[in-house]
Amino acid sequence: MRTPKKIYSSVFSEFSLQFHTISCRESLLTSLLFALNSSHSVSCCRAIHARVLKSLNYRDGFIGDQLVSSYISLGFADDAEKLFDEIPHRDLVSWNSLISGFSKRGDLSKCMNVFLTLKSEFSLHMNELTLIPVVSACTSAKARHEGQYLHGIAVKFGMKLESKIANSLINMYGKFGCLDSAFRLFLEIPEPNLVSWNSMVAICTQNGIPDGAFQHFNMMKHNGLLPDEATIVALLQACENLPVVKLVETIHAVIFTCGLDENVTITTSLLILYSKLGRLHASHKVFTEISKPDKVAWSAMIAAYAIHGHGETAIELFERKVRQGMEPDHVTFTHLLSACSHSGLVEEGRYYFHIMSNVFGIQPRLDHYSCMVDLLGRRGLLNDAYELIKNMPLEPNAGVWGALLGACRVYRNIELGKEAAEKMIALDPLDSRNYIMLSNIYSAAGLWDDASKVRASMKAKGVIRTRGISFIEHGKKIHRFVVDDYSHPDANKIHEKLKELVRKIHEAGFVPETDSVLHNVDEEVKMGMINKHSEKIALAYGLLVTSSDEPIVIMKNLRICRDCHSTVKFVSLIEKRAIIIRDSKRFHQFLDGSCSCGDYW
DNA sequence: ATAGGGTTAG
């Protein structure tokens with residue numbers, strides 16, 4: 001069993017003192033249990049339970065409910081249910097505690113069962129605090145069917161427009177990707193409150209429409225509401241896939257002026273945002289200025305180092321913080337392992353994966369396995385990675401197979417790649433990337449027939465290929481390019497610049513990597529295809545419009561191809577420019593002919 | 001009179 005967190009053990013010792021000297025006050029016990037709810041200490045919970053049994057009749061008060069809730073949230077459902085059965089006069093609060101407990105554990109089926117039992121016994125008394133936890137459990141379990149059923153219940157009981165219920169449903173639909181339903185519900189609310197607006201801002205971003213997020217923010221202001229912490233965090237998130245460093249710097253200034261830089265949640269969001277925008281120094285500065293960085297903040301800093309490929313620095317930070325008494329959790333380890341993986345630190349990664357469970361008592365989750373498969377796979381240790389998957393105690397998910405698939409593509413392993421891709425396609429038949437990946441593996445091996453079969457099956461299922469898009473910021477605008485894009489007002493100039501660039505690097509000895517074109521066509525056609533890639537067009541535009549002392553920052557929604565990667569390295573050398581490209585996976589900072597990823601990606 | 005997850009950071 002894990003050691004209780006320090007804060008709670010100190011609360012508990014204080015409490016014991018009072019306990020023996022002062023008569024036991026129910027409210028004290030209750031608030032203490034409330035505090036324990038978020039801790040990992042079932043021993044504290046049991047101690048209180050025992051004490052309560054001796055000195056209080058918990059069956060009469062709400063302390064029983066709180067104990068029920070505590071036990072469940074700590075993962076002791078059996079104790080909770082036993083206790084629940086012992087409460088003779090169970091009121092709605094008792095039921096709600098049980099439901100809420102299962103919801104917090106993410107146990108949808110138990111949550112739903114209790115809810116249905118309650119509904120048949122207590123249907124008249126059901127309130128919003130009964131329904132909301134069940135909706136929330138559906139949201140995290142992505143249970144669409146059950147979610148719609150609950151929506152129906154809310155309608156039936158006339159609770160649909162109660163703001164808290166409506167907001168939780170809006171959020172649920174947003175998480176499901178059903179923006180239509182969410183919007184419809186939102187429009188029905190007579191007077192949306194701050195949380196309603198915040199939810200809209202958040203779900204727009206979650207569904208890939210950041211401009212929708214900004215629009216809702218503006219409408220919210222127009223309706224006379226003032227933003228709060230949640231609004232700002234959601235807005236910062238809306239910026240993370242756009243090249244909007246200057247906008248973010250403005251927001252940062254406002255945050256500073258309003259004194260919100262004291263708010264750890266906001267500064268942590270800002271930290272991670274800067275890192276996603278390629279400004280690791282700005283991230284680090286924000287981190288150092290946080291007066292009391294918590295675990296989330298320093299885990300975020302580790303994540304920032306990870307996506308920039310600074311594995312050693314991430315490890316240093318981790319070790320320093322642990323020496324200072326910070327207790328890492330499963331998320332901290334996810335970022336640490338990811339840092340090892342992005343920097344090729346295989347032995348270190350193995351070490352931390354080992355001590356995570358053996359020293360820190362944290363059982364590896366799916367994310368950790370994904371990181372380990374990635375770590376081994378990038379090094380070419382495909383069989384080790386495969387063995388890990390075979391022996392893992394959890395059912396591997398898309399993240400795990402995806403990591404293996406990525407490695408198979410790089411190391412051209414057809415057999416394992418096929419298995420991984422088929423698993424991925426079974427898990428998510430609508431994700432075009434899996435088909436493309438499998439097809440590319442076949443193409444790379446010259447198996448053109450197999451490749452075209454995969455593409456055909458993708459087409460037959462109506463899966464549409466995600467188009468590559470590159471973004472670049474200039475003149476307070478975001479410019480967007482797709483492959484072979486001539487839609488920009490300055491298209492002619494841009495393509496002329498690109499041609500000139502290609503000619504220049506060839507003269508300087510650049511050898512194009514046409515084998516990254518996975519179509520059965522001759523070399524010249526391949527050259528033509530490669531040189532139309534959206535990131536090259538964006539690069540040419542960047543060279544045209546930016547001054548030579550500022551870095552060119554490009555964002556891409558998919559991964560950069562090998563030829564573009566080499567091209568940009570060459571351009572950074574001969575044009576003497578700093579170029580930063582963030583693809584869907586990580587950062588590439590190009591300078592003097594080399595990339596920060598060390599070609600390890 | 002009380003208590004019981006609406007949104008938002010790693």
Side-chain angles (χ1 to χ4, degrees), chain A residues 26-27 29-31 33-34 37-38 61-70 72-73 91-104 106 111 127-137 139-140 159 162-172 174-175 182 186 189 192-203 205-206 213 216 220 227-238 240 263-273 275-276 283 286-287 290 293-307 328-336 338 367:
Chain A
E26 205 175 276
S27 62
L29 280 167
T30 310
S31 54
L33 276 163
F34 187 68
N37 247 335
S38 51
F62 51 78
I63 194 153
D65 305 333
Q66 196 56 248
L67 268 170
V68 164
S69 169
S70 298
I72 302 181
S73 61
D91 61 2
L92 186 62
V93 178
S94 322
W95 285 92
N96 288 354
S97 299
L98 198 59
I99 291 172
S100 143
F102 286 127
S103 173
K104 275 182 198 155
C111 186
N127 66 8
E128 60 177 22
L129 287 155
T130 318
L131 201 54
I132 289 169
V134 196
V135 173
S136 169
T139 307
S140 41
M159 303 197 297
E162 279 182 35
S163 64
K164 287 183 185 175
I165 303 243
N167 292 341
S168 70
L169 287 170
I170 287 173
N171 184 247
M172 178 186 82
K175 287 266 159 49
F186 177 72
I189 307 177
N193 63 14
L194 185 57
V195 178
S196 318
W197 285 106
N198 287 349
S199 303
M200 292 311 289
V201 175
I203 67 173
T205 303
Q206 286 157 10
H216 279 88
M220 177 191 122
D228 69 352
E229 174 188 298
T231 324
I232 293 172
V233 169
L235 278 178
L236 291 173
Q237 277 183 335
E240 73 176 36
N263 181 316
V264 196
T265 307
I266 290 178
T267 43
T268 304
S269 304
L270 198 56
L271 182 169
I272 202 74
L273 178 59
S275 82
K276 286 183 175 173
S283 278
V286 171
F287 179 66
I290 298 175
D294 59 8
K295 182 161 60 189
V296 178
W298 67 272
S299 300
M301 197 59 231
I302 290 175
Y305 286 132
I307 54 175
D329 65 12
H330 68 104
V331 187
T332 318
F333 274 102
T334 303
H335 295 314
L336 186 65
S338 151
D367 283 347

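Numbers restart at 1 for each chain; the letters A, B, ... are given by sequence-line order, proteins then strands. From a predicted model like this one, the values you see are computed outputs, not experimental measurements.
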**Prompt:** Touch check for Ser103(A), heavy atoms < 4.0 angstrom, all strands: base, sugar-phosphate only, or nothing?
**Reply:** base
**Request:** Report which part of the nucleic acid Ser163(A) touches: base, sugar-phosphate, or nothing (heavy-atom distance under 4.0 Å, all strands).
**Result:** base
**Request:** Side-chain contact test, heavy atoms from C-beta onward, threshold under 4.5 Å: evaluate it for Thr332(A) versus Trp298(A) and give yes or no.
**Result:** yes
**Asked** Roughly, in whole Å, what's the span from CE in Met200(A) to P in dG6(B)?
**Response** 19 Å
**Asked** Across the strands shown, which category fits Thr332(A) at heavy-atom distances under 4.0 angstrom: base, sugar-phosphate, nothing?
**Response** base
**Request:** Indicate, with a heavy-atom threshold strictly under 4.0 Å, whether Ala303(A) touches base, sugar-phosphate, or nothing.
**Result:** sugar-phosphate
**Message:** Going by the rule side chain to side chain contact (heavy atoms under 4.5 Å, CB included), which residues pair with Lys175(A) if we only count those two or more places apart in sequence or in a different chain?
**Reply:** Thr139(A), Asn171(A), Gln206(A)
**Message:** By the 4.0 Å heavy-atom rule, please label Asp329(A) as base, sugar-phosphate, or nothing.
**Reply:** base
**Message:** For a quick check of understanding: with a heavy-atom distance under 4.0 Å over all strands, which category does Thr265(A) fall into, base, sugar-phosphate or nothing?
**Reply:** base
**Prompt:** In whole angstrom, what separates Met172(A)'s CE from dG5(B)'s C1'?
**Reply:** 15 Å
**Request:** Syn or anti for dG5(B), please, going by whether the chi angle lies within 90° of 0.
**Result:** syn
**Item:** Integer-rounded Å distance: dG4(B) P and Leu131(A) CG
**Value:** 18 Å
**Fill in**
In whole angstroms, the gap separating C1' of dT8(B) from CD1 of Ile232(A) amounts to 10 Å
**Complete:** Between Leu235(A) and Ala213(A), the two heavy atoms sitting closest are CD2-O, 4.4 Å
**Fill in**
The nucleotide from dT8(B), dG6(B), dG4(B) with an atom nearest the side chain of Val93(A) is dG4(B)
**Item:** Nearest-Å distance for atom pair NZ/C1', residues Lys164(A) and dG6(B)
**Value:** 7 Å
**Asked** In whole angstrom, what separates Phe186(A)'s CZ from dG6(B)'s P?
**Response** 18 Å
**Request:** Identify which nucleotide among dG6(B), dG10(B), dG4(B) has an atom closest to any side-chain atom of Val195(A), counting heavy atoms from C-beta outward.
**Result:** dG6(B)
**Request:** Kindly point out which of dG4(B), dT8(B), dG10(B) is positioned nearest to the side chain of Ser100(A)?
**Result:** dG4(B)
**Message:** What is the distance, to the nearest angstrom, from the CD1 atom on Ile165(A) to the P atom on dG5(B)?
**Reply:** 14 Å
**Prompt:** Within the pair Lys175(A) and dT8(B), is there a side-chain N or O less than 4.0 Å away from OP1 or OP2?
**Reply:** yes
**Asked** Looking at dG6(B), dT7(B), dG4(B), which one has an atom nearest to any side-chain atom of Ala230(A)?
**Response** dT7(B)
**Message:** Students often get this wrong, so: under 4.0 angstrom with heavy atoms, is Ile132(A) touching a base, only sugar-phosphate, or nothing?
**Reply:** sugar-phosphate
**Request:** Name the nucleic acid region contacted by Ala300(A), choosing base, sugar-phosphate or nothing; use a 4.0 angstrom heavy-atom cut-off, strictly under.
**Result:** sugar-phosphate
**Pairwise distance CD(Glu128(A)) to CD(Glu162(A)) - rounded to 0.5 angstrom** = 5.0 Å
**Request:** Can you figure out which of dG6(B), dT8(B), dG10(B) approaches the side chain of Glu229(A) most closely?
**Result:** dT8(B)
**Asked** Just how far, in rounded Å, is P of dG10(B) from CG of Leu273(A)?
**Response** 11 Å
**Message:** Would you say Gln206(A) places a side-chain N or O within less than 4.0 Å of OP1 or OP2 belonging to dT8(B)?
**Reply:** yes
**Prompt:** In chain order, what residues pass the side chain to side chain donor-acceptor pair (under 3.5 Å) check against Asn193(A), with sequence neighbours excluded?
**Reply:** Asn167(A), Ser196(A)
**Request:** Under 4.0 Å between any heavy atoms, over every strand shown, what does Ser269(A) touch: base, sugar-phosphate, or nothing? Just pick one.
**Result:** sugar-phosphate
**Asked** Relative to each other, are the rings of His216(A) and Phe186(A) parallel, tilted or perpendicular (30° and 60° limits)?
**Response** perpendicular
**Message:** Please classify the nucleic acid contact of Val264(A) as base, sugar-phosphate, or nothing, using heavy-atom distances under 4.0 Å.
**Reply:** base
